[in-house]
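The first residue of the sequence shown is numbered 1, and numbering continues consecutively from there. Keep in mind that what you see is a predicted model, and the values were worked out from it rather than measured.
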Amino acid sequence: QIQVVDSGGGSVQTGGSLRLSCVASGYIAGRNCMGWFRQHPGKEREWVASIHVGAGSTYYADSVQGRFTVSTVSQNSDKNTAYLQMNNLEVEDSAMYFCAARGGACYGHYTSQEFTYWGQGTQVTVSS
């Protein structure tokens with residue numbers, strides 16, 4: 001079983017920055033790929049970014065490319081910690097953000113159904 005805990009949301013003005021954090025713990029094979037998703041009210045959860053924990057390969061949605069950066073600290077046998085640095089935030093970035101973990105291959109353009117383990121979500125609000 002994998003546990004995922006995400007945090008770091010808040011309220012900022014347009015152009016501001018926030019950093020989201022995510023800790024995934026549990027059996028190591030189930031969390032080699034960490035992903036960030038967001039969900040606007042009434043909309044489906046959409047993929048934002050993902051990172052292969054071992055290789056460091058990163059992938060971004062077009063809407064956040066160049067503004068968001070996903071990273072991970074060195075992995076140990078007990079847990080991964082991943083971050084989503086969000087710069088130059090726009091009103092359209094306001095959403096509930098979720099961290100997720102999965103095993104197997106790691107790439108981009110995921111649907112939410114392709115991730116197994118989820119955090120509880122953290123709210124990001126960007127105002128003009």
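- Put simply, the side chain of Arg67 does not reach to within 4.5 Å of the side chain of Gln65, judged on heavy atoms.
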For side-chain hydrogen bond (donor to acceptor under 3.5 Å, both in side chains), just list the numbers for Asp6 and Thr122, CA-CA rounded to whole Å, side-chain angles, deciding distance to a tenth of an Å, and then say yes or no.
CA-CA 7 Å; Asp6 45 32; Thr122 184; 5.9 Å; no
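- Counting heavy atoms from C-beta outward, Thr14 and Leu89 have side chains that stay 4.5 Å or more apart.
- Aromatic pair Phe37/Trp118: ring centres closer than 6.0 Å.
- With contacts defined as side-chain heavy-atom distances shorter than 4.5 Å, the pair Arg38/Ser63 qualifies.
- Looking at Ser94 and Val124, their side chains never come closer than 4.5 Å, going by heavy atoms from C-beta outward.
- Under the 4.5 Å side-chain criterion, counting only non-hydrogen atoms from C-beta, Thr72 is not in contact with Tyr83.
- No side-chain heavy atom of Ile51 sits less than 4.5 Å from a side-chain heavy atom of Tyr59.
- Heavy atoms from other residues, nucleotides or ligands lying under 6.0 Å from CD of Glu90 number more than 12.
- Side-chain atoms of His109 and Trp47, non-hydrogen and from C-beta on, do get closer than 4.5 Å to each other.
- When hydrophobic clusters are built by joining Ile, Leu, Val, Met, Phe, Trp and Tyr residues whose side-chain heavy atoms come closer than 4.5 Å, directly or via intermediates, Leu18 is grouped together with Met34.
- The shortest distance between side-chain heavy atoms of Phe68 and Val48 falls below 4.5 Å.
- Cation-pi geometry between Arg45 and Phe98 is met: under 6.0 angstrom from the ring centre, within 45 degrees of the axis.
- Side-chain rings of Phe115 and Tyr110 approach one another, their centers coming within less than 6.0 Å.
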